[in-house]
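First comes the structure, then the notes that go with it.
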Protein chains: 2
Amino acid sequence: MSVPLYEAKAELFRLLGHPVRIRVLELLQDGPKPVRDLLAAIEVEPAGLSQHLAVLRRSELVTARRDGSTVVYALSGGDVAELLRAARHLLHAKLAGRHALLDELEAEAGSR
Amino acid sequence: MSVPLYEAKAELFRLLGHPVRIRVLELLQDGPKPVRDLLAAIEVEPAGLSQHLAVLRRSELVTARRDGSTVVYALSGGDVAELLRAARHLLHAKLAGRHALLDELEAEAGSR
DNA sequence: CGTGCAATTGCGAAATTGCGCAACTGCGTC
DNA sequence: GACGCAGTTGCGCAATTTCGCAATTGCACG
């Protein structure tokens with residue numbers, strides 16, 4: 001393996017580090033979707049979406065199959081969903097912590 | 001919170017998308033570590049490491065406390081470790097899939 | 001075959017990110 | 001206070017990423 005493990009991991013995260021790509025993956029969590037649907041759900045023009053889809057395809061996070069004149073994308077493996085779930089967890093924890101901190105400060109200010 | 005959820009998630013991933021930062025987080029999984037140790041374990045110069053640590057600090061993924069003349073970093077919450085674990089899972093699955101494919105191709109070539 | 005729609009690709013401009021170097025802060029020691 | 005060590009910050013430059021636009025491919029239909 002010429003590529004250190006931690007570099008592969010970093011690249012994986014870097015690939016996920018874009019709003020459009022995140023939205024695509026989240027939409028695909030509910031099952032395969034044609035590009036048309038993604039395009040309708042995300043605010044981005046066709047060319048832009050295609051570029052991001054290409055990134056996800058190259059990294060094999062999603063698979064694409066042609067069905068007639070449309071192309072249908074799907075997650076390639078449930079691991080992706082699990083990763084997204086972990087990210088959601090972390091964010092929720094962080095936001096909760098922030099709220100708790102705010103409440104604390106308010107309480108302190110109120111009692112003074 | 002004026003920031004859409006998926007943007008926060010994308011930013012989280014983007015922050016993790018760098019080899020040095022990944023290594024730092026992985027080293028911190030075994031418990032708090034002074035900068036000196038990180039510096040010894042990772043191939044990067046002090047200034048560079050500091051910059052990456054600053055990124056992690058700003059995003060509150062790690063916490064820093066001064067202990068005498070050294071600074072000790074630690075993960076802020078077990079969620080980070082969980083996220084890293086999920087990433088490891090995904091990578092292992094992907095590599096396993098690739099190996100299986102290679103074996104298949106070799107078997108095919110051998111039988112021909 | 002030609003036309004139209006879906007999706008992709010190529011490419012240059014613009015924005016972000018990372019890197020190296022110098023300068024700076026905090027702390028302990030003499 | 002002056003010095004040295006640990007770690008940080010500021011800043012300009014190089015490299016990477018993203019975006020928008022035009023051109024292209026694949027497919028269905030008249």
Side-chain angles (χ1 to χ4, degrees), chain A residues 3-4 6-25 27-28 31-76, chain B residues 3-4 6-28 32-76:
Chain A
V3 183
Y6 56 84
E7 277 213 30
K9 217 176 296 184
E11 185 170 320
L12 169 61
F13 283 123
R14 196 163 44 76
L15 292 173
L16 297 176
H18 191 289
V20 170
R21 298 201 280 266
I22 288 291
R23 294 207 72 182
V24 167
L25 292 177
L27 288 169
L28 292 184
K33 291 217 179 335
V35 174
R36 189 174 347 104
D37 286 13
L38 300 174
L39 211 42
I42 310 176
E43 219 169 273
V44 65
E45 40 193 334
L49 180 58
S50 261
Q51 289 180 29
H52 290 296
L53 288 174
V55 171
L56 294 175
R57 237 184 302 128
R58 264 179 246 128
S59 57
E60 296 177 19
L61 290 172
V62 305
T63 60
R65 86 184 139 80
R66 262 211 118 90
D67 184 21
S69 73
T70 76
V71 177
V72 178
Y73 279 84
L75 291 190
S76 63
Chain B
V3 184
Y6 56 85
E7 278 214 29
K9 217 176 296 183
E11 185 168 322
L12 169 62
F13 282 124
R14 196 160 43 75
L15 292 174
L16 297 176
H18 191 289
V20 170
R21 298 201 280 267
I22 289 291
R23 293 206 74 184
V24 168
L25 293 177
E26 288 192 336
L27 288 169
L28 292 183
K33 291 217 180 333
V35 173
R36 188 174 347 105
D37 287 13
L38 300 174
L39 210 41
I42 309 176
E43 220 168 275
V44 65
E45 37 192 341
L49 180 59
S50 261
Q51 289 182 34
H52 290 296
L53 288 174
V55 172
L56 294 175
R57 236 184 304 129
R58 262 179 248 128
S59 58
E60 296 178 20
L61 291 171
V62 305
T63 59
R65 85 184 139 81
R66 263 210 119 89
D67 183 21
S69 72
T70 76
V71 177
V72 178
Y73 278 85
L75 291 190
S76 64

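Convention: sequence-line order gives letters A, B, ...; per-chain numbering from 1. Heavy atoms only: backbone and side chains are in, while hydrogens, waters and symmetry mates are out.
Residues Val71(A) and Pro34(A) fail the side-chain proximity criterion, which asks for heavy atoms closer than 4.5 Å. Within the 4.5 Å cutoff, side-chain heavy atoms of Thr63(A) are placed close to those of Ser76(A).
A donor-acceptor pair is defined here as one N or O able to donate and one able to accept, closer than 3.5 Å; no such pair exists between the side chain of Arg14(B) and the backbone of Arg14(A).
Using bins of under 30°, 30° to 60° and over 60° for the plane-to-plane angle, the ring pair His52(B)/His18(B) lands in the tilted bin.
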Going 5' to 3' through nucleotides 3-8 of chain C and flagging B where a protein heavy-atom sits under 4.0 Å of the base, S where only the sugar-phosphate is that close, and - otherwise, we get ---SSB
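Taking all atoms of both residues into account, the shortest heavy-atom contact from Leu38(B) to Leu53(B) is CD1-CD2, 4.2 Å.
In this entry the distance linking CD of Glu43(B) with C1' of dG20(C) reads 16 Å, nearest Å. As a whole-Å value, the separation of Phe13(B) CZ from dT17(C) P is 17 Å.
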Dot-bracket notation for DNA chain C is requested: 5' to 3', Watson-Crick or G-U wobble pairs only, both distances under 3.5 Å, with ( ), [ ], | and . as defined. ||||||||||||||||||||||||||||||
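Evaluation of the salt bridge (charged side-chain N to carboxylate O under 4.0 Å, His left out) test over residues 63-74 of chain B, restricted to residues two or more places apart or in two chains, returns none. Among pairs with a residue in residues 39-61 of chain B, those fulfilling salt bridge (charged side-chain N to carboxylate O under 4.0 Å, His left out) read Arg98(A)-Glu60(B), at least two apart in sequence or across chains.
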The test is side-chain contact (heavy atoms from CB on, under 4.5 Å); show your working for Leu56(A) and Arg21(A) and say whether it passes. CA-CA 8 Å; Leu56(A) 294 175; Arg21(A) 298 201 280 266; 4.0 Å; yes
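Evaluation of the side-chain hydrogen bond (donor to acceptor under 3.5 Å, both in side chains) rule for Lys33(A) yields no partner, not counting sequence neighbours.
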I'd like a list of close polar pairs between nucleotides 17-19 of chain D and the protein, N/O only, cut-off under 3.5 Å.
unit_1: dT17(D); atom_1: OP1; unit_2: Arg14(A); atom_2: NH1; d: 2.5
unit_1: dT18(D); atom_1: OP1; unit_2: Arg21(A); atom_2: NH2; d: 3.1
unit_1: dC19(D); atom_1: OP2; unit_2: His18(A); atom_2: NE2; d: 3.4
unit_1: dC19(D); atom_1: OP2; unit_2: His52(A); atom_2: NE2; d: 3.1

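Exactly one of Asp37(B), Leu25(B), Val24(B), Val35(B) qualifies for a side-chain contact (heavy atoms from CB on, under 4.5 Å) with Tyr73(B). That residue is Val35(B).
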